[in-house]
Visitor: 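Got a structure here, written out as structure tokens. Questions coming.
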Amino acid sequence: MPELPEVETTVRGLRPVLEGQRIERVTVNRPDLRRPFPHDLGQRLTGATVTGLGRRAKYGLVETDRGDTMVFHLGMSGRWRIDPAEAGKHDHLLLDTPGHRLALNDARRFGSVDLVPSAELAAWPPFAALGPEPLGPDFSAAHLAAAFDGRIAPVKLLLLDQRIVAGLGNIYVCEALHMAGIAPVREVGRIARARLARLVDAVREVLEAAIAAGGSTLRDYARPDGELGYFAKQWRVYGREGEDCACGAPVLRRVDGGRSTFWCAKCQR
DNA sequence: ATCTGCTCCTGTTTGC
DNA sequence: TGCAAACAGGAGCAGA
């Protein structure tokens, strides 16, 4: 599942083959993913030179010299294939530069591609309400305390709220809560400040470890170069229902609205 | 404003 | 063996 670390890994993988390159050809094999591509995507990208790559939350950013930024979201199954040996069944968008072919492949089509004037990115509706980057300076215990104040929702739910912190998904929220010793169902308004500080540290630690490992994988995530990430092996609770936590107690799983939560009732209170 | 629950999509895994 | 149901889940939205 591409969460922040996987998107960061993807961007880092794309940078050497895209930065400074001219997009000579754009092929749209299918005009939409989760929502339609911009109708003039090909026209606006063809001939443009990529001036930089970046990331905001779980979105990848491809900035061009035309004043546009292509914003992509990988959804659940999205990945960029670099110089694929053969056409993939779900290669929805192809970008050809003088040296490489890039294919955006997304079997489950939960992803998106948009073209946004670079100067208006911050005000672009999907970005306008995003919270701070979890690896940035504005994500702190004080920030969480303010965001959680007076609310009764379970902490896991609010950590998934991109308006509070931008970039966490189901996997890393489960992992960070375990690392911080906080139960997923804990009401946010009843978490002591010191524990929020631990949570902030845990979020940063788990994300940085995942980026260092090259991004996680479940089944269908691949790095841009096609190599599978391997951080999955380091998960403490995610996907480990019934196995022993490091403390010896079993890892538990519950499902809310079709979404799984993994935790240890002994370590997390 | 907050919260719950549903929808989208399809390849893979699980269960009978 | 074969087929159906479950499962993965980010984001957006309706409705209470």
Visitor: Measure the distance from CZ on Phe110(A) to P on dC9(B) and round it to the nearest whole Å.
Guide: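 Value for this atom pair: 8 Å.
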Visitor: Side chains of Asn170(A) and Lys156(A): any donor to acceptor distance under 3.5 Å?
Guide: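 Yes, side-chain donor-acceptor contact under 3.5 Å.
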Visitor: Let me know the distance between CE of Met76(A) and C1' of dT10(B), rounded to the nearest Å.
Guide: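 These atoms are roughly 9 Å apart.
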Visitor: Between P on dC9(B) and CG on Leu74(A), what's the gap in Å once rounded to a whole number?
Guide: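 After rounding, the gap between these two atoms is 19 Å.
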Visitor: Hey, does Leu157(A) reach any base, or is it just sugar-phosphate, or nothing, if we go heavy atoms under 4.0 Å?
Guide: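 Leu157(A): backbone/sugar contact only, no base atoms under 4.0 Å.
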Visitor: Rounding to an integer number of Å, can you tell me how far Arg253(A) CZ sits from dA6(C) P?
Guide: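 Value for this atom pair: 13 Å.
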Visitor: Report for the helix from dT2(B)-dA16(C) to dC16(B)-dG2(C): angle between first-end and last-end helix axes, five pairs each, rounded to 10 degrees.
Guide: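 Roughly 50° between the end axes, to the nearest 10°.
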Visitor: Quick check: closest heavy atoms across Ala48(A) and Thr64(A), and the distance to 0.1 Å?
Guide: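 What the structure gives for the nearest pair is CB-CB, 3.9 Å.
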Visitor: Centroid-to-centroid, Phe72(A) to Trp80(A), below 6.0 Å?
Guide: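 Between Trp80(A) and Phe72(A), which both carry aromatic rings, the centre distance is below 6.0 Å.
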Visitor: List the protein contact pattern of nucleotides 11-16 of chain C with one symbol per nucleotide (5' to 3'): B for base contact, S for sugar-phosphate-only contact, - for none; contact means a heavy-atom distance under 4.0 Å.
Guide: BS----
Visitor: Report yes or no: do Thr261(A) and Arg254(A) form a side-chain donor-acceptor pair below 3.5 Å?
Guide: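 Side chains of Thr261(A) and Arg254(A): no pair found under 3.5 Å.
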Visitor: Check every atom of dC3(B), dG11(B), dC9(B) against the side chain of Ala107(A) and return the nucleotide holding the closest atom.
Guide: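 The listed nucleotide nearest to Ala107(A)'s side chain is dG11(B).
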Visitor: Can Asn29(A) and His92(A) be counted as having a side-chain donor-acceptor contact under 3.5 angstrom?
Guide: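 No, because no side-chain N or O of Asn29(A) sits under 3.5 Å from a partner of the opposite role on His92(A).
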Visitor: Starting from C1' on dT10(B), measure out to NE2 on His90(A) and report it in whole angstrom.
Guide: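 Value for this atom pair: 7 Å.
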Visitor: If you take all heavy atoms of Pro98(A) and Arg22(A), which pair is closest and at what distance?
Guide: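 Between these two residues, the closest heavy atoms are CD-O, 3.3 Å.
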Visitor: Cut-off 3.5 Å, side chains only: do Asp106(A) and Ser77(A) have a donor facing an acceptor?
Guide: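 Present: a donor and an acceptor within the cut-off.
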Visitor: Find the distance Arg108(A):CZ to dT7(B):C1' and express it as a whole number of Å.
Guide: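 Between C1' of dT7(B) and CZ of Arg108(A): 16 Å.
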Visitor: Start with the C-alpha distance between Ser260(A) and Arg253(A), add both sets of side-chain angles, then the distance that settles side-chain hydrogen bond (donor to acceptor under 3.5 Å, both in side chains), and finish with yes or no.
Guide: CA-CA 7 Å; Ser260(A) 291; Arg253(A) 170 177 180 249; 2.9 Å; yes
Visitor: Report which part of the nucleic acid Ser260(A) touches: base, sugar-phosphate, or nothing (heavy-atom distance under 4.0 Å, all strands).
Guide: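 If one applies the 4.0 Å heavy-atom cut-off, Ser260(A) turns out to touch the sugar-phosphate alone, with no base involved.
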Visitor: DNA chain B: Leu33(A) or Pro154(A), which has the more 5' nearest nucleotide?
Guide: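 Here Pro154(A) is the residue nearer the 5' end.
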Visitor: Please tell me which of the listed nucleotides, dG10(C), dT10(B), dG11(B), lies nearest to the side chain of Asn170(A)?
Guide: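 The answer is dG10(C).
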Visitor: What is the distance, to the nearest angstrom, from the NZ atom on Lys89(A) to the C1' atom on dC9(B)?
Guide: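 About 13 Å, once rounded to whole Å.
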Visitor: Measure from CZ on Arg109(A) to C1' on dC9(B) and round the result to the nearest Å.
Guide: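 After rounding, the gap between these two atoms is 7 Å.
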Visitor: Taking Thr46(A) for the side chain and Glu24(A) for the main chain, is one N or O donor matched with an acceptor at less than 3.5 Å?
Guide: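 Flag not set: sc Thr46(A) to bb Glu24(A) has no pair under 3.5 Å.
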